[in-house]
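So the structure is just underneath, and the comments pick up after that.
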Amino acid sequence: MQDKAIICKDLTKQFGDFKAVDKISFEVSEGEIFGFLGANGAGKTTAMRILCGLSYPTSGEASVAGFDVYKQQEKIKKNIGYMSQKFSLYDNLTILENIEFYGGVYGVSRPEIKERSAVLIKTLGLEKEAKKLVGGLPLGWKQKLAFSVAVFHRPKIVFLDEPTGGVDPITRRQFWDMIYEAAANGITVFVTTHYMDEAEYCNRISIMVDGKIEAIDSPSALKNRFNTTSMDEVFYELARNATRAAD
Amino acid sequence: MPAVTLKNISKKYGDFVAVDDVSFEVQKGELFGLIGPDGAGKTSIFRILTTLLLSDGGSATVQGHDVVKDFQEIRNKVGYMPGKFSLYQDLTVKENLNFFATIFGTTIDENYELIKDIYDQIKPFNDRRAGKLSGGMKQKLALCCALIHKPEVLFLDEPTTGVDVVSRSEFWEMLGKLKEQQITIVVSTPYMDEAKLCDRIALMQNGKIMSVDTPKQIIKSFPKPLFAVKAKNIYKLLQDLRNDQEIESCDAFGEFLHITLVAENANEEAIHSIAEKYNPENFEVKKIEPTIEDSFIRLMREQSDLK
């Protein structure tokens, strides 16, 4: 049990008659990079909200960083980091202010914040920009900074919701370098993406269709099973029979 | 006469140069792609061509009409699907379609043939408010509304962003069918794999066009042999090769790394002997044809070297 960052068993979320998440079961090991894929409307966001302690399941069990999704939502929130393409940083705060704000919210002590933010800004090469508003940064930089902020409090798990959408191909790869580094430091990475080449960078992936997990394995095992050389085709084979309207 | 022409078009927002001296032409009936990440300047170009934004310099025409002087003619002849969903959320599917048809002085029936294939898929939801539709359905409705007046040129700004692989391939099938109807289509996308579905593409970055050509020609002009390699520990291999003097470029591409050598005429043997220094387990190498993304990355690096 100790080395599992996430455990889900028959996790279900129902809205009226609609089973958004339908009895999904899976485990994610500590330090693993886990790709959570699925067609639009498959239920990924709903499942992710439960795992982040933002929504209660209807039935089933799940624990995140060892904490129960029913009873220990606040503990889950403290032990995870979160970043999405849509919302990541405050445009009208400076880079330094954003870091201080997030560090403060997550209860990192003031001297710690000071020390770690100095290191972070140096690593990112943003010394000149540290006192500039985030709104003026190019998107690629924003996303890299957002990721660094999401792991600033050294969470056990970081949830990334389409972190590289719209980012140029070089920055996208730099972003994945950061993901690898975080994983090497023991942070579990739970990531969604629409780029199938990025699915290949994950240790394991799951593919959700119509609320259920239809496949879960390493990218190479999945390609073997579907007798193909591309993840695109694996995804296509699984998702094309989806009956739910794409969302 | 080309369907679209841009000559030295520029656009600044304050100090920020969104479009930097861009010129290209789109021929009639062509499916033309603007390929590039967020902030490349794609949306500004769309807004200039659809007469919604004035450029700071240069000139542009659509179907022979000037985007500044003849904006009214252009508005009657183009269909525009913005990146952000812009239909009336409080109107139903049918009401939205009717509304756009009426504004352009036509009816749904008059151009029914053109939208039939797409409309059939959302017809069961005719009485549902647009705001209550799923993302895929919204996208189809928006396309119907952009087509309802039988435009001569269709502008689609990132129609497939954030959409899953299955819906994306369906959308491109629809575009293929529209092309058969002789409609000129200008479409933007951040997904490099969609580039090969266009007749010609412009690769864009930081407001500039890095290259305009057919996907085939862009791939053909990749200047060096390209190799795909992999090993059991791919991340270690990436770091080793990236720091090797003989390697010119090394980028992750799915389960492989794509590499070029500093030396001009490289072969698989040469790659093997470089890799051997690092004792990778289960090492494999094969020569491959570059993808548009390989070309894009290379052009990006060349541009930043020029600076």
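Naming: A, B, ... by sequence-line order, numbering from 1 per chain. Excluded from the calculations below are hydrogen atoms, water molecules and symmetry mates; all remaining heavy atoms, backbone and side chain alike, are included.
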query: Which pair of heavy atoms, one from A:His194 and one from B:Arg168, lies closest together, and at what distance?
result: O-NH1, 3.8 Å

Between [X] and chain A, with a heavy-atom cut-off of 4.5 Å, which part of the residue counts as in contact: side chain, backbone, both or neither?
X        : answer
B:Glu170 : neither
B:Arg298 : neither
B:Thr189 : neither

task: State whether A:Glu200 and B:Lys230 are salt-bridged, where the test is any N-O pair (Lys NZ or Arg NE/NH1/NH2 against Asp/Glu carboxylate O) under 4.0 Å.
output: no

field: chain B contacts, top residue of A:Met231, A:Met196, A:Lys223, A:Glu162 (heavy-atom pairs, under 4.5 Å)
entry: A:Lys223

query: Is a side-chain donor or acceptor of B:Asp164 paired with a backbone partner of A:Asn40 at a separation under 3.5 angstrom?
result: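 Here the side-chain-to-backbone pair exists.
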
query: By a 4.5 Å heavy-atom criterion (distance strictly below it), what part of A:Thr164 contacts chain B: side chain, backbone, both, or neither?
result: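 Neither; nothing under 4.5 Å.
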
- prompt: What part of A:Pro219 gets closer than 4.5 Å to chain B, counting heavy atoms only: side chain, backbone, both or neither?
  reply: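 When you check distances to chain B, no heavy atom of A:Pro219 falls under 4.5 Å.
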
- prompt: Relative to each other, are the rings of A:Tyr195 and B:Tyr191 parallel, tilted or perpendicular (30° and 60° limits)?
  reply: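 Geometry flag for B:Tyr191 against A:Tyr195: tilted rings.
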
message: If we define contacts as heavy-atom pairs under 4.5 Å, which of B:Asp38, B:Thr161, B:Asp193 has the most with chain A?
response: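 Top option by heavy-atom pairs under 4.5 Å: B:Asp38.
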
- prompt: Can you tell me how far the CZ atom of B:Phe253 sits from the OH atom of A:Tyr201, to the nearest 0.5 Å?
  reply: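 B:Phe253 CZ to A:Tyr201 OH: 7.0 Å, rounded to 0.5 Å.
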
